[in-house]
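Side chains included, hydrogens not; waters and symmetry mates left out as well; all remaining heavy atoms used. These figures come from a predicted structure and were not determined experimentally.
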Amino acid sequence: MSMKMSLTSPSVELPPDLVEVELSDDYESLTMDACQLLSVTDARFAVAGFGQEEWPVNVSYDLSSVVEQLPEAINSLKSGRCAEIDFYGQGIERRLTFVPMGDVTEIRCTSGTSWRPDPDVEVLSRTAALELLTRLASDFGAALRRAAPELAMRTPFANW
């Protein structure tokens, strides 16, 4: 099983009164606000890999923590540098380390709980590893455009 991360867009737009909350301007807070809004929809965040078909993740907290890290991780991989995505939420506590090695990228998974990845390393082509992250960013932008179009126009989501 290869590492997978995806976000399924909500089926309907949020009512305007839910979206008309005061949103933050800084990226991390804006991401948390966006994920909180998406969490009241039927949007679904899914992660699989390292021997587990369905990781215990949610939209409100786990997706937020991952999306906060996406720009830096994507830029690092594009530059051929290592990148990390930390699922630091209580109960999941896993870190993915992306290690570019020529035409491939090793993704190493470490766990901070009793769960152990098996295998603890998955290998993707360099392109596929980058697409794993850029596709999640694209999924996030699409979910926001569906649920909260005005929020989707905010930077950096408008570019996703």
Side-chain angles (χ1 to χ4, degrees), residues 1-14 18-19 21 23-78 82-99 105-122 124 128-148 151-152 154-160:
M1 161 192 332
S2 288
M3 179 73 211
K4 294 178 184 158
M5 287 192 284
S6 65
L7 176 64
T8 304
S9 286
S11 57
V12 296
E13 186 174 333
L14 286 167
L18 279 179
V19 182
V21 297
L23 297 171
S24 303
D25 286 326
D26 70 279
Y27 174 68
E28 289 81 11
S29 296
L30 187 61
T31 298
M32 286 187 272
D33 291 343
C35 288
Q36 194 59 46
L37 288 171
L38 287 174
S39 75
V40 299
T41 71
D42 58 348
R44 184 171 181 277
F45 180 40
V47 181
F50 301 95
Q52 188 172 15
E53 284 191 39
E54 189 173 324
W55 288 20
V57 294
N58 62 49
V59 170
S60 62
Y61 191 84
D62 300 310
L63 177 63
S64 176
S65 67
V66 171
V67 170
E68 287 173 17
Q69 300 168 72
L70 281 179
E72 183 177 340
I74 289 169
N75 288 338
S76 292
L77 286 183
K78 283 181 177 177
C82 293
E84 286 191 350
I85 296 289
D86 193 358
F87 289 79
Y88 50 76
Q90 185 174 355
I92 183 91
E93 301 166 52
R94 300 173 191 181
R95 177 176 292 127
L96 300 176
T97 304
F98 293 75
V99 183
T105 298
E106 279 189 2
I107 306 174
R108 301 172 185 165
C109 181
T110 54
S111 174
T113 67
S114 61
W115 175 81
R116 294 291 170 244
D118 183 23
D120 61 353
V121 174
E122 292 191 11
L124 297 177
L130 181 59
E131 284 176 356
L132 179 72
L133 302 182
T134 57
R135 191 171 333 127
L136 182 59
S138 177
D139 288 352
F140 189 76
L144 283 182
R145 284 188 294 280
R146 179 71 173 133
L151 177 55
R154 302 279 293 267
T155 302
F157 311 137
N159 298 323
W160 293 359

- Message: Check whether D139 reaches the backbone of S6 with its side chain - one donor and one acceptor, N or O, closer than 3.5 Å.
- Response: no
- Message: Minimum heavy-atom separation for I74 and A137, please, with both atom names.
- Response: CD1-CB, 4.3 Å
- Message: As a quick check of understanding, evaluate side chain to side chain contact (heavy atoms under 4.5 Å, CB included) for V66 and F45, giving each step before the final call.
- Response: CA-CA 11 Å; V66 171; F45 180 40; 4.3 Å; yes
- Please work out whether the ring planes of W55 and F87 are parallel, tilted or perpendicular, with thresholds of 30° and 60°. perpendicular
- Query: When rounded to the nearest 0.5 angstrom, what is the spacing between OG in S138 and CG in N159?
  - Reply: 11.5 Å
- Task: For E28 and E68, indicate whether the former's side chain and the latter's backbone hold a donor-acceptor pair under 3.5 Å.
- Result: no
- Query: To the nearest 0.5 Å, what is the distance between CG (L96) and CE (M5)?
  - Reply: 6.0 Å
- On a heavy-atom basis, the closest approach of C35 and F140 is SG-CE1, 3.6 Å
- Query: Going from CG on D26 to CE on M32, what distance comes out if it is rounded to the nearest 0.5 angstrom?
  - Reply: 7.0 Å
- Of all heavy-atom pairs linking R94 and C109, the shortest is CB-SG, 4.4 Å
- Heavy-atom pair of closest approach, residues A73 and I85: CB-CD1, 3.8 Å
- Note on the structure: Closest heavy-atom pair, L7 versus A143, reported as atoms and distance to 0.1 Å, is CD2-CB, 3.7 Å
- Student check: side-chain heavy atoms of F98 and L124 closer than 4.5 Å: no
- Message: Could you check whether any side-chain heavy atom of T113 comes within less than 4.5 Å of a side-chain heavy atom of S111, counting everything from C-beta outward?
- Response: yes
- Candidate pair V12 and T41, rule side chain to side chain contact (heavy atoms under 4.5 Å, CB included), full reasoning: CA-CA 8 Å; V12 296; T41 71; over 6 Å; no
- Can you tell which of L14, D33, L144 makes a side-chain contact (heavy atoms from CB on, under 4.5 Å) with L38? L144
- If you round to the nearest 0.5 Å, how far is CZ of R44 from OG of S39? 15.0 Å
- Message: How long is the straight-line distance from CG of L63 back to CG of L136, given to the nearest 0.5 Å?
- Response: 6.5 Å
- Message: side chain to side chain contact (heavy atoms under 4.5 Å, CB included) for V67 and Y27? Distances and angles first, verdict last.
- Response: CA-CA 10 Å; V67 170; Y27 174 68; 3.6 Å; yes
- Quick check: does any side chain N or O of R108 sit under 3.5 Å from a backbone N or O of D120, one acting as donor and the other as acceptor? no
- Query: Side chains of L151 and L30: does their closest heavy-atom pair fall under 4.5 Å?
  - Reply: yes
- Message: I'd like to know if the side chain of E93 reaches the main chain of G91, judged simply by a donor and an acceptor atom lying under 3.5 Å from each other, with no hydrogens or angles considered.
- Response: yes
- Nearest-0.5 Å distance that lies between atom CZ in R116 and atom OG1 in T110: 9.0 Å
- Would the number of heavy atoms belonging to other residues, nucleotides or ligands and lying under 6.0 Å from CD of E72 be above 12? no
- Message: Set out, in order, the CA-CA distance, both residues' side-chain angles and the distance that settles side chain to side chain contact (heavy atoms under 4.5 Å, CB included) for V47 and I92, then state yes or no.
- Response: CA-CA 11 Å; V47 181; I92 183 91; over 6 Å; no
- Item | Shortest non-hydrogen contact between G51 and E122, atoms and distance | N-OE2, 4.5 Å
- Message: So does R95 get a backbone contact from the side chain of E84, meaning a donor-acceptor N/O pair under 3.5 Å?
- Response: no
